[in-house]
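Since the structure comes first, as structure tokens, the remarks are kept for the end.
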Amino acid sequence: MSKVKKGVRLEGVSKIYQDPKTKKEFKAVDSVNLTIDPGEFVTLLGPSGCGKTTTLRMIAGFESPDEGEIYLGDEPINALTPNKRDTAMVFQSYALFPHMTIFDNVAYGLKLRKLPKEEIRNKVFQMLDLVGLEGMENRYTNQLSGGQQQRVALARALVVEPGVLLFDEPLSNLDAKLRVQMRTEIRRIQQQLGITAIYVTHDQSEAMAISDNIILMKKGVIAQMGTPTEIYYHPNSEFVADFIGECNFLKGTISRAGNGEASVKVNGVDVDVVTDKSVRPGDEGEIVLRPEAIVIGDTGLLPCKVELSCFMGSYQNYHVRVGDTLVKITDNCPINKKVFNVGDNAYISFDKICAHLL
């Protein structure tokens with residue numbers, strides 16, 4: 001695939017629907033501005049109804065924006081039909097032709113373009129090799145597993161050499177183990193080809209595993225955009241923190257601030273955090289803590305009482321009560337550590353660099 005890589009840009013894009021019951025209009029996507037660089041793998045993530053699929057369908061051309069403009073490279077594409085856009089979609093349902101062989105399914109788009117037979121043959125075999133289906137070209141799709149069908153759908157999208165590859169929750173019909181395997185394959189192929197990819201999912205672990213950048217949406221707007229690391233460790237709101245992985249929130253009052261640090265008084269104890277936020281003593285503060293960042297012990301920073309202690313193999317899962325707040329702890333590799341039982345009094349501690357101030 002030697003085509004020039006293309007980015008995607010959305011400028012003030014909105015999609016307005018009418019509620020069938022109330023007849024009132026609402027914005028499923030609300031004034032979204034977004035730039036996706038060429039060759040980047042970006043995931044649109046969020047709960048049901050947040051606007052992620054509508055955004056993808058507008059880029060694909062299956063929906064038209066009511067406001068704003070969408071660009072593919074430097075070309076405005078609002079007026080182009082889906083088949084005229086330099087994009088290809090991999091669907092949740094695979095959308096394969098059951099009466100065709102794997103070869104004919106993958107070759108379908110090339111035949112529509114009236115390419116020479118030998119060129120079609122070479123391109124199809126190249127794609128089947130890339131997605132791990134070499135030697136299976138004469139099988140019919142109803143003879144394949146779900147994972148193999150998804151590979152056919154991926155090959156069919158890639159073979160037409162689109163500028164941008166779009167994924168609409170492509171793994172949601174697969175079992176958990178196969179999902180992990182296929183997402184790894186999708187990421188490998190995307191990196192190998194250097195193609196721009198936009199991926200929609202509601203699965204935050206899937207988004208974390210495959211993305212260069214994650215766009216987390218809420219009620220039609222972008223709640224936060226950043227790398228998986230940025231969004232996980234530096235969420236900009238309680239919604240983002242809670243949606244990406246498990247999270248604890250400790251509320252208190254700022255007692256000290258300056259030089260890139262702050263102290264938050266939690267249950268009468270000064271808790272230090274690293275922060276670049278502009279805060280002043282007396283302000284309310286909320287500390288975000290991931291369960292794996294917390295250490296439980298006989299001594300520590302904040303006293304707690306154990307309400308749940310559950311062995312999970314690779315970690316001990318604790319729920320402890322700190323004042324009135326329930327705190328979840330993931331204590332990795334517990335085999336050589338003291339295990340606390342329900343009802344025990346203990347303390348929690350954490351490194352200040354692992355705490356994020358909202």
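Quick note: numbers below take in every heavy atom, side chains included, and nothing from hydrogens, waters or symmetry partners. FYI, the numbering just counts along the sequence from 1. Everything numeric in this text was worked out from a predicted model, so none of it was measured.
Side-chain contact annotation: Arg151 with Gln148, donor-acceptor N/O pair under 3.5 Å absent. Checked by atom type, the side-chain pair Glu307/Tyr318 shows no donor-acceptor distance below 3.5 Å. Checking Thr101 against Asn138 by side-chain atom types alone, no donor-acceptor pair falls below 3.5 Å. Ser309 and Gln316 share a side-chain donor-acceptor pair at under 3.5 Å. Donor-acceptor pairing under 3.5 Å is recorded for the side chains of Gln92 and Ser172. For the residue pair Thr201/Glu169, the side-chain donor-acceptor check at 3.5 Å is not satisfied. With hydrogens and angles left out, the side-chain atoms of Ser211 and Asn213 include no donor and acceptor closer than 3.5 Å. Between the side chains of Glu292 and Thr330, no donor N or O sits under 3.5 Å from an acceptor N or O.
The side-chain contact (heavy atoms from CB on, under 4.5 Å) with Lys352 is formed by just one residue from the set Ile287, Leu301, Val274, Thr275; it is Val274.
Remark: Arg9 CZ is packed, more than 12 non-hydrogen atoms of other residues, nucleotides or ligands lying under 6.0 Å away. Heavy-atom neighbours of Ile335 CD1 from other residues, nucleotides or ligands within 6.0 Å: at or below the threshold of 12. Shown here is Lys219, whose NZ atom has no more than 12 heavy atoms of other residues, nucleotides or ligands within 6.0 Å.
A salt bridge is defined here as a Lys NZ or Arg NE, NH1 or NH2 lying under 4.0 Å from an Asp or Glu carboxylate O, and Lys265 with Asp270 meets this definition.
Listed here is the closest heavy atom pair of Phe340 and Gly297: CZ-C, 3.5 Å.
Ring-plane geometry between Phe97 and Tyr108 is classed as tilted, the angle between the planes lying from 30 to 60 degrees on a 0 to 90 degree scale.
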Derivation and outcome, ring-ring contact (aromatic ring centres under 6.0 Å, His included), residues Phe91 and Phe167: CA-CA 6 Å; Phe91 295 93; Phe167 294 91; over 10 Å; no
